[in-house]
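The first residue in the sequence is number 1, and the count goes up from there. As a basis for the values below, the full set of heavy atoms in this structure was taken, side chains included, without hydrogen atoms, waters or symmetry mates.
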Amino acid sequence: MMCSLKQSYVIGTNGVVSQRRNPFVQLPVLSSISMPKIPNLSSISVAKPLHIASVESLGSLEIGNKRRSLVVKKAYDADRSEGEGVVEKAEAARKVKIGFYFATWWFLNVIFNIYNKKVLNAFPFPWLTSTLSLAAGSLIMLISWATKVAEAPNTDVEFWKSLFPVALAHTIGHVAATVSMSKVAVSFTHIIKSGEPAFSVLVSRFILGETFPLPVYLSLVPIIGGCGLAALTELNFNMTGFMGAMISNLAFVFRNIFSKRGMKGKSVSGMNYYACLSLLSLLILTPFAIAVEGPQLWAVGWQKAITEIGPHFIWWVAAQSIFYHLYNQVSYMSLDEISPLTFSIGNTMKRISVIVSSIIIFRTPVQPVNALGAAIAVLGTFLYSQAKQ
């Protein structure tokens, strides 16, 4: 197209628009560029449109914009796909980690219960056995902190004050459970301990004043009924063993309550939290173990166990002490990765694995009615964990 470098319009007295031509030479200009000079508003005719660009240039601009938009969209989709891939990989890795925690937790717990029962059968001193379990864990963590294998926790006086009631309840629950397993079968102790949710609801309701939805109360029926049926049909029932498991349930309920209240705002990892709990529980338990049983009884019982079992007995004691700390440490570490509901379900499955494995290994005689009671109690525990959420 041709474009004039200078062009003006004049409105005459009769309203006719006349065009004054410039004597300058007209130059050819590219069709995609229009360079008009905008005249004064008072001299523009409303009858003639102002051409800014050619149709071809507008089309080229529209196509270019579409192409740029397409490129940007493809880049965005690629980034989003890459981001989703990273998230999916991270979630898959997290699930594998949780699965590893659960498998390790159950395996270590089964091993602990087996060796703990072996030790108690040959060396019936549950107070010393409980003390050795806490001492082994405390020693392991002190060495880990000293060698920088694990980062030592940053604690203060307030932390230890808030931890004391938790450690006291933990000590009572640990000793009571060990006393129970020294008197009855491992399977029976864990069947009774599966009734812990019932104690949790009753304590929270009548002491703390908390209320729960109806499904939570209904889930207690199979728990209490299953534990009662298992206790009544237990072939080797012992009242001390039964009461030990019941006291352990009550103590661990208070431990959980004190732990929730005292640890608000505290930034301590699950591993270090349990390590501190073991240290404080050891300090609480040691004088009571000496007072209840005493070194003289320990010496006589130790010599008898070595004579009957042989050097393997020392390995049993070391194994039950180390595995006790490890399985508890892994369970507290898993709390950093999973929800309380998932942990509760995992704890239920743990009891099933312990009950079944102990019956197989120790060849515990089980009546069909006793097995039914155990199954009902465990099922009730699972239903409770579902209804609690």
Side-chain angles (χ1 to χ4, degrees), residues 109 112-113 116-117 119-121 124-134 163-208 220 223-232 234 236-261 274 277-278 280-293 320 324 327-328 331 344 347-348 350-351 354-355 358 373-374 377-378 380-381 384:
N109 189 263
F112 158 72
N113 279 277
N116 183 249
K117 184 60 178 177
V119 169
L120 292 172
N121 286 339
F125 295 95
W127 288 78
L128 177 59
T129 305
S130 302
T131 305
L132 293 176
S133 300
L134 295 173
L163 187 64
F164 180 80
V166 183
L168 180 61
H170 178 74
T171 304
I172 295 173
H174 177 42
V175 173
T178 309
V179 170
S180 175
M181 283 193 285
S182 69
K183 299 295 183 180
V184 295
V186 176
S187 57
F188 180 72
T189 298
H190 280 273
I191 291 172
I192 302 303
K193 283 179 65 63
S194 65
E196 183 177 327
F199 285 87
S200 179
V201 172
L202 294 176
V203 169
S204 299
R205 178 67 183 89
F206 294 106
I207 297 180
L208 302 179
L220 301 183
I223 294 176
I224 297 174
C227 289
L229 183 61
L232 291 175
E234 175 65 25
N236 299 316
F237 180 83
N238 180 279
M239 182 56 69
T240 302
F242 175 76
M243 291 304 300
M246 297 289 282
I247 293 173
S248 177
N249 283 338
L250 187 61
F252 283 141
V253 167
F254 279 104
R255 180 194 65 178
N256 296 336
I257 293 174
F258 293 144
S259 179
K260 291 178 181 178
R261 289 184 172 184
Y274 180 71
L277 184 64
S278 296
L280 194 53
S281 296
L282 177 62
L283 295 177
I284 296 173
L285 177 58
T286 301
F288 287 96
I290 295 174
V292 174
E293 294 175 348
Q320 72 92 27
Y324 172 79
Y327 101 76
N328 276 286
S331 69
S344 179
N347 196 40
T348 303
K350 179 205 72 175
R351 294 209 186 281
V354 171
I355 291 171
S358 63
V378 173
T381 304
Y384 166 81

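For Ile207, the side-chain contact (heavy atoms from CB on, under 4.5 Å) criterion is met by Val203, Phe254, not counting sequence neighbours. Applying the side chain to side chain donor-acceptor pair (under 3.5 Å) rule to Gln320 yields the partners Asn116, Ser133; only residues at least two apart in sequence or on another chain are considered. Not counting sequence neighbours, the partners of Pro126 by the side-chain contact (heavy atoms from CB on, under 4.5 Å) test are Leu120, Thr178, Val179, Ser182, Glu293. Remark: Tyr327 pairs with Phe112, Tyr324 by the ring-ring contact (aromatic ring centres under 6.0 Å, His included) rule, at least two apart or across chains. Residues passing the side-chain contact (heavy atoms from CB on, under 4.5 Å) test with Val292, sequence neighbours excluded: Trp127. Among residues two or more places apart in sequence or in another chain, the side chain to side chain donor-acceptor pair (under 3.5 Å) test is passed with Ser200 by none. Residues passing the side chain to side chain donor-acceptor pair (under 3.5 Å) test with Ser278: none are found, sequence neighbours excluded.
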N/O donor-acceptor pairs under 3.5 Å from side chains in residues 280-291, not counting sequence neighbours:
from   : atom 1 : to     : atom 2 : distance (Å)
Ser281 : OG     : Ala167 : O      : 3.3
Ser281 : OG     : Thr171 : OG1    : 3.3
Ser281 : OG     : Leu277 : O      : 2.8
Thr286 : OG1    : Leu282 : O      : 2.7

Pair up each side-chain donor or acceptor in residues 183-193 with any protein partner under 3.5 Å, not counting sequence neighbours, and list the distances.
from   : atom 1 : to     : atom 2 : distance (Å)
Thr189 : OG1    : Ser180 : OG     : 2.9
Thr189 : OG1    : Ala185 : O      : 3.4
His190 : ND1    : Arg351 : NH1    : 3.1
His190 : NE2    : Asn113 : OD1    : 2.9
Lys193 : NZ     : Ser248 : OG     : 2.9

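The shortest non-hydrogen separation linking Phe258 to Ala169 is CD1-CB, 4.5 Å.
Looking at heavy atoms from C-beta onward, Leu163 lies out of side-chain contact with His170 at the 4.5 angstrom threshold.
From Phe199, atom CZ reaches atom CD1 of Ile224 across 8.5 Å, with rounding to the nearest 0.5 Å.
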